[in-house]
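Note sheet for the following structure.
Count residues from 1 along the sequence.
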Amino acid sequence: MPRTRETAMGTVTSADGTSIRFDVIGAGQPLIVVDGATAHRAVANWNTELGEQLADEFRIYTYDRRGRGESGDTAPYAMQREIEDLAALIEEAGGSATVLGISSGGVLSLDAATAGLPISRLALFEPPFVVDGTRPPLPSDYVEQLDAFVAQGRRGDAVELFMTAAAGVPKEFVAGMRQSPFWSGLEDIAHTIAYDGRFMGTTMSGAPLPTDRWALTVPTLVMHGDRTPPSLMSGPRALVELLPTATLRVVDGADHSFEAKSLAQALREFASN
């Protein structure tokens with residue numbers, strides 16, 4: 001007979017008083033998912049699918065990063081505030097947790113682990129580092145451009161900059177995307193795209209990763225898909241070379257998105273080692 005899959009939702013209060021909304025499914029060991037740019041609970045369907053795959057073995061927390069979905073956003077923004085948000089969720093989960101960082105959420109997770117948060121294991125799926133010439137680097141003033149667009153009320157232009165400069169969407173496709181039903185939702189959280197840009201820093205410049213930014217002692221699994229473009233394979237591989245506690249896994253059937261079943265299997269094996 002299958003185990004009952006417990007589900008719940010709730011709110012934690014971060015150190016600066018910001019409310020962070022989360023969902024939780026399952027009753028096993030805690031695993032917290034940190035989304036990348038633009039993703040949150042209402043749109044990140046892969047989180048629900050991953051939760052269903054893992055709920056018999058894990059207690060999976062998914063949350064809206066500040067400024068997105070049902071979470072608050074207390075000004076002024078600072079990267080440390082998001083690390084504190086994650087700390088509040090880990091405390092809610094019991095004081096220690098495995099953390100899965102997806103895309104730029106993986107860089108937040110790396111910084112959080114380096115800051116000493118009680119992360120027992122760290123899993124990263126395709127942190128989008130640009131460490132070579134396989135794709136154009138981000139503009140050096142990328143964050144400044146994003147902030148300026150939002151300040152001028154040009155939220156759609158901020159989203160377009162993210163899509164073209166960071167996500168690599170050809171510019172000629174963006175006009176059609178602007179007419180799509182999902183575009184208004186992206187504009188709603190456009191101000192948070194610069195938050196991820198701050199975490200990425202210079203790691204999308206085409207230069208080698210910094211050797212002095214991350215100091216980890218926890219077991220770390222770095223993943224990329226077997227269908228991922230070469231430009232998103234080189235970054236994770238460079239990170240594994242940099243971190244002594246890291247191992248690499250290629251996830252079957254995945255590109256920068258993934259099939260929950262394949263990623264769930266990788267996480268199960270990682271947690272059991």
Side-chain angles (χ1 to χ4, degrees), residues 8-24 30-44 47 60-97 99-119 122 127 141-159 161-162 166 182-203 213-214:
M9 62 180 62
T11 301
V12 294
T13 302
S14 194
D16 71 342
T18 301
S19 294
I20 303 297
R21 190 73 166 166
F22 68 89
D23 291 332
V24 58
L31 185 154
I32 298 173
V33 181
V34 183
D35 281 322
T38 75
H40 54 93
R41 292 178 306 138
V43 299
N47 283 343
I60 304 101
Y61 291 76
T62 59
Y63 72 102
D64 292 337
R65 286 176 53 188
R66 63 172 53 209
R68 307 180 196 174
E70 296 182 281
S71 288
D73 193 17
T74 305
Y77 177 80
M79 293 162 58
Q80 180 62 27
R81 302 291 83 78
E82 291 217 66
I83 293 173
E84 292 165 356
D85 299 344
L86 182 54
L89 282 155
I90 293 174
E91 180 64 24
E92 173 72 20
S96 178
V99 169
L100 167 63
I102 299 173
S103 190
S104 52
V107 187
L108 190 168
S109 303
L110 279 166
D111 284 355
T114 298
L117 267 61
I119 295 171
L122 182 62
D141 62 346
Y142 172 71
V143 169
E144 290 78 4
Q145 287 189 57
L146 290 170
D147 285 340
F149 283 143
V150 171
Q152 296 162 14
R154 298 166 58 189
R155 286 176 167 263
D157 290 339
V159 176
L161 177 62
F162 164 72
F182 66 81
W183 189 265
S184 63
L186 291 173
E187 290 190 2
D188 288 343
I189 53 129
H191 61 290
T192 72
I193 296 172
Y195 299 174
D196 286 80
R198 286 174 167 83
F199 276 102
M200 296 311 302
T202 62
T203 64
R213 179 170 172 180
W214 302 299

With the side chain counted from C-beta on, respond yes when His191 and Arg155 share a heavy-atom pair under 4.5 Å apart, and no when they do not. yes

Check whether any side-chain N or O of Arg65 sits under 3.5 Å from a backbone N or O of Asp35 as a donor-acceptor pair, and report yes or no. yes

Working note: Thr74 + Arg81, criterion side-chain contact (heavy atoms from CB on, under 4.5 Å); need CA distance, chi angles, decisive distance, verdict. CA-CA 9 Å; Thr74 305; Arg81 302 291 83 78; over 6 Å; no

Close side-chain approach of Val143 to Asp147, heavy-atom, < 4.5 Å: yes

Taking all atoms of both residues into account, what is the closest heavy-atom pair of Val43 and Thr38, and its distance? CG2-O, 4.1 Å

Distance check, rounded to the nearest 0.5 Å: Glu82 atom CD versus Arg198 atom CZ? 10.5 Å

Looking at residues at least two apart in the chain, or sitting in another chain, which of them share a ring-ring contact (aromatic ring centres under 6.0 Å, His included) with Tyr142? none

To the nearest 0.5 Å, what is the distance between OG1 on Thr18 and CZ on Arg66? 3.5 Å

For residues Ser14 and Ile20, report the shortest heavy-atom separation together with the two atoms involved. CB-CG1, 4.5 Å

What distance separates Leu31 CG from Leu100 CG, expressed to the nearest 0.5 Å? 6.0 Å

With Glu92, which residues qualify under side chain to side chain donor-acceptor pair (under 3.5 Å), at least two apart? none

Heavy-atom nearest pair, Ala190 first then Val159, reads CB-CG2, 3.9 Å

Test salt bridge (Lys or Arg N to Asp or Glu O under 4.0 Å) applied to Arg68 - qualifying residues, sequence neighbours left out: Asp196

Which class fits the ring pair Tyr195 and Tyr77: parallel under 30°, tilted 30 to 60°, perpendicular over 60°? parallel

Heavy-atom closest contact (Ser104 atom, Ala37 atom, distance): OG-N, 3.1 Å

Could you tell me the separation between the CD1 atom of Ile32 and the OG atom of Ser109, rounded to the nearest 0.5 Å? 9.5 Å

If you compare all heavy atoms of Pro30 against all heavy atoms of Tyr61, which two are closest, and at what distance to 0.1 Å? CB-CE1, 4.2 Å

Pick one: which of Thr62, Asp64, Thr11 meets side chain to side chain donor-acceptor pair (under 3.5 Å) with Arg21? Thr11

Quick check for you: to the nearest 0.5 Å, what is the distance between Ile90 atom CD1 and Ile119 atom CD1? 4.5 Å

Using ring-ring contact (aromatic ring centres under 6.0 Å, His included) as the criterion, list what pairs up with Phe162, not counting sequence neighbours. none

Can you list every salt bridge (charged side-chain N to carboxylate O under 4.0 Å, His left out) pair that touches residues 102-119, not counting sequence neighbours? Asp111-Arg213

For the residue pair Val12 and Glu91, establish whether any side-chain heavy-atom pair is separated by less than 4.5 Å. no

Contacts of Trp214 that satisfy ring-ring contact (aromatic ring centres under 6.0 Å, His included) - sequence neighbours left out: Phe129

Reported CG-to-CD1 distance for the pair Leu146 and Ile193, which is rounded to 0.5 angstrom: 6.5 Å

Mind listing the closest non-hydrogen atom pair of Ala112 and Leu86 along with its distance? CB-CD2, 3.8 Å

